[in-house]
Every structure is written in C-alpha cells, then in structure tokens.
There are 2 protein chains.
Amino acid sequence: MGSEQGLNDKQLWIMKQSLEVFAEKGFDATSVRDIAQRADVNVAMISYYFGSKEKLLEAIFLNHTNNMKNKIGAIIHSRVHDPLQKVDLLIDTYVDAIVENRSFHLLMMREQVLLKDGLLYNYIRDMKQHNRTLIEVAVKAGQKSGIFQKNIDVSFLAITLIGSINHFFSNYKYLCDAKAVPAEGDAYQAEVLEKLKNHLKVMYKAFLTYGITNKK
Amino acid sequence: MGSEQGLNDKQLWIMKQSLEVFAEKGFDATSVRDIAQRADVNVAMISYYFGSKEKLLEAIFLNHTNNMKNKIGAIIHSRVHDPLQKVDLLIDTYVDAIVENRSFHLLMMREQVLLKDGLLYNYIRDMKQHNRTLIEVAVKAGQKSGIFQKNIDVSFLAITLIGSINHFFSNYKYLCDAKAVPAEGDAYQAEVLEKLKNHLKVMYKAFLTYGITNKK
DNA sequence: TAAAATTAATTAAACGTTTGTTTAATTCAA
DNA sequence: TTGAATTAAACAAACGTTTAATTAATTTTA
C-alpha cells in the first residue's frame, strides 16, 4: 500500500548517499551526476531504480517519515504516567530523533516551506498530525490530573516546541559563531544539546504549570 | 561603505519582483528567465544591473537585512521601561516584521541553513547578533528590577522566540490544514496572528518570572 | 536653442555548459 | 539462456551569461 517500498540494498545505498548531498547543497542545486559520483554508481542508475530525481526524493521522504511516525508511536504507547515526565520524554525524543537524522531534517526543513500539495506535502502533513496528537495526549493527561493549566492550545505548543528545536539545529553554526566556539567540537555539541533540552523542559514546565499552586 | 547601494528605480523593481519568485520557487529553481518574465524586462538586464543572478540575491539580502537592523535599533532606543512590556513589544515587532516581509523571510529561512560563509552568511550573522543584543537588554533590565529570574540564557531565549515565530510562518499552511481552515482567509489570519502573539507573551512571562513571588 | 556627440538602457540572438533522461550495447548472475 | 544490472554515449531542453546592434536619454558644442 505504498509504504511497502520493497527496496534493495543498492537502492537504499543510493538513497542514503543522495540524501547527504541534498542536505549539503539543496535538492535543486544537486545534479544527478553529483549523486552518481557520491554513490559511485552510473548516472543512469538513478532513473533505472527510481524513475527520476524527483521520485528518488519521494522515496527518501516516504522512508524517513514512516520511520519517524513509528518512533513517535512508540512514545505514545510508553508507560510513563507522570505528565511532566512525559513532556520531558517528548522533548528528549524529538531532539534525539533530529540528531540521528540530521541530513533528512535539514532537507525537510528546506523543502516543506515551498510545498503546497502533492506526495511530499501529504507525508509531512501526516507526520505533523502525529506530532500534535502526541503532545495533545500528554497535555490532556496533565490537565486531567490538575497539574497543568487549562488554557493551552496544542497547535501553538507544538509550534513553539518543534520550532525551537528546528531553529536550534538550523542555526547551530550561527550560535557557535556568537559564542566563539568551533562548530565541529563533539564535546561542546553534546554539552549544548543537554542545555537545549534543559532549557525547553524548564520553559515548558513554567508554561504548563503556570498559575497552578503546588500542593505537595 | 557597501551599505550605500545606490539603487535606481528599475533595480529596486527587479529586486522586488525577483524576491517574490525566489520565495515561491526557491533561489536555485528560479531561472533568470523566470525573473525577466515576472519583472517584464529583458533577461540581459539582470546581468547588466547586478552582474549575475547570485549578486542579485546578495543585493536583496543587503537591502533587507539593513532595513531589519534599523527597525530593531528603533526598539532598543524606544522608551518602554517596564521589562515585561518590553518583551511584549519585542514579540509584536518580530511578528509584524515578518508579516511585512513574508517573501524575504521565506527566502532567508531556506537559504540560511546551507550557508557556511560568504557575504550572505555574514549579513545574517550580524542581524542575528542584533536580535540577541535586543533580547539581552530587555532580559537584563527585568533581572535588575527583580521581576525576572536569574537563570536565563539569552541565546536559548532567542532560539525559542525566533524559532517559534519562524516555524509558525513556515508551517502556516499545515496549521490551516489541521484546523480545516482556508489558508487564504485574511480574517482568520489576523485572528491567529493575535493568538500567536498572545501565546508567546504568556509563555515568556511564565518562563521569565518563574519562581518569582509577586509582591504587588 | 538646435544639432552633434556621448553615454545609458534595451534588445534579440547566440554562446558554451550543464541539466535530467534515454538509448543501445554489454556484463553479470541465475 | 534468460532477465536483471551496468555502462558510455547521446539526447534535447534549459541554464546563466555575453555579444553586438539599436534605441533612448543626456550632455556638449556651436
């Protein structure tokens, strides 16, 4: 049903390599010859296996959006019952998911703003819907148990959460510039990632529990 | 010194029209013939007036980043003394600035993530530095007067603020889809913009004043 | 002020590359 | 021996840019 992509190793290899070039140069600026060179295959193989450069992109998107939806589903069914812990888990998961898929995240960030309809638009739309649902579940649980305030718009909450994380990653180099830190240092990157997570957790706790008097 | 662009009416016209096409299709996917058609000029005029397609982009960036820096400077020197009011003004200004420059904002969002150095990178870096400074001034004033908590990292605060606003605009269509609202309705757009501003103000107030007991 | 000279603006056509894709021949594996 | 995989070469179309000729505007000169 479309999600059964039935991809062989060579196809997956080409998808992996081309994704990296797309992330580096952008989809439009990447030629099929760039891809062929990176993946060390003949140019004709892209058309042979995927039909076109556009369909190669679609295959990459289908692959990654499906993977992400599955990961998100796993959190929904996780047995963390404390609402604040659930929000923390959510923040950790999103940040980690992007770290693990930096290239795809970069590519998607760039392409999503121009899309108006079509396959790619639908893939992204469905994934975003999953995200909102996940946040909604956590928020409603917190409200039910009385520790979250009532006046919360889940859409805006998703926007500030995903928006903050996205902006952090797409502006990481500018941030390193501002702090006069080399952008390649793995130690600093791990440190600043923890700081980001912490900042978001504190900020969300402050907002979600705003006006609630702690009765413990 | 570089900021004196000395542009004539025809150049400004071409910049305005090409910016719209860039925003719609992306820079790489836009041909000089696309631009010529939109601006109703001969293709050769782009090279004649700007030297190249790339330098046309640079002219657009220089023009807009300068304008934005000036607007930001105006807030810094504004005589709003209440720190919370200053934060509110900041949020309003950012949102309004993007609304007034939708096309450029879209273009910049797409291009900034791929830049590693060069003219465009520097333009954006300097503008971001201005943003951080502006936020820093407001935060420090709030901390000095005792109504803001001490544990605030200005970089992260900028990331969540700008990131949220950016994400809102680049995902507006997805949001309308989710709420089953037509994306073109001006009335709804004005309404949801107010909601965004309000959401951000409440969220920032909650975070900035977190742990501070109101002594009024 | 009117004609001449000079500069700026505009044009259609052509330039050499690069683009995504296809072809037809060949190699490889079952 | 059949079908899939791989190749180098060719394809037309589109790309950004330049050219050389022409028109429009401005300045200089008489």
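Source: prediction; values computed, not measured. In what follows, chains are A, B, ... by sequence order, proteins preceding strands, each numbered from 1.
If you measure from atom CD of A:Gln37 to atom P of C:dT19, you get 11 Å, rounded to the nearest angstrom. The interatomic distance linking B:Glu58 (CD) with D:dG16 (P) rounds to 16 Å, in whole Å. B:Lys55 places its NZ atom 12 Å from the C1' atom of D:dT17, with the value rounded to the nearest Å. A:Met45 has its CE atom 9 Å from the C1' atom of D:dT7, to the nearest Å. Atoms CD1 (B:Ile14) and P (C:dA9) sit 11 Å apart, rounded to a whole Å. Rounded to whole angstrom, the span from the CZ atom of A:Phe27 across to the C1' atom of C:dG20 amounts to 10 Å. Rounded to whole angstrom, the span from the CD1 atom of A:Ile46 across to the P atom of D:dT6 amounts to 12 Å. Across the protein-nucleic acid pair, A:Asp9 atom CG and C:dA29 atom P stand 15 Å apart, rounded to whole Å.
Between A:Tyr121 and B:Tyr174, the gap from one ring centroid to the other is short of 6.0 Å.
Between A:Arg33 and A:Ala44, the residue anchored closer to the 5' end of DNA chain D is A:Ala44, taking for each the nucleotide with the nearest heavy atom.
For the residue pair B:Asn42 and B:Tyr48, no side-chain donor N or O sits within less than 3.5 Å of a side-chain acceptor on the partner. Side-chain polar atoms of A:Asn101 and A:His105 form no donor-acceptor pair below 3.5 angstrom.
Put simply, B:Lys53 has no side-chain N or O that comes within less than 4.0 Å of OP1 or OP2 on D:dC15. Side-chain N/O atoms of B:Tyr48 include none lying less than 4.0 angstrom from OP1 or OP2 on C:dT10.
Ring orientation note: the planes of A:Phe156 and B:His199 are close to parallel, at an angle under 30° on the 30°/60° scale. Ring-plane geometry between B:His64 and B:Phe104 is classed as parallel, the angle between the planes falling under 30 degrees on a 0 to 90 degree scale with a further cut at 60.
Nearest to the side-chain atoms of B:Val32 among the listed nucleotides C:dT11, D:dT17, C:dA8 stands D:dT17. Comparing atom distances between the B:Asn42 side chain and each of C:dT11, C:dA8, D:dA5 picks out C:dT11 as nearest. Comparing atom distances between the A:Ser52 side chain and each of C:dT21, D:dT17, D:dA4 picks out C:dT21 as nearest. For B:Asn8, the listed nucleotide lying nearest its side chain is C:dA9; candidates were D:dA9, C:dA9, D:dA5.
Nucleic acid contact for A:Phe50: none, since no nucleic acid atom lies under 4.0 Å from a heavy atom of the residue. Note on B:Ser47: a base of the nucleic acid sits closer than 4.0 angstrom, heavy atoms only.
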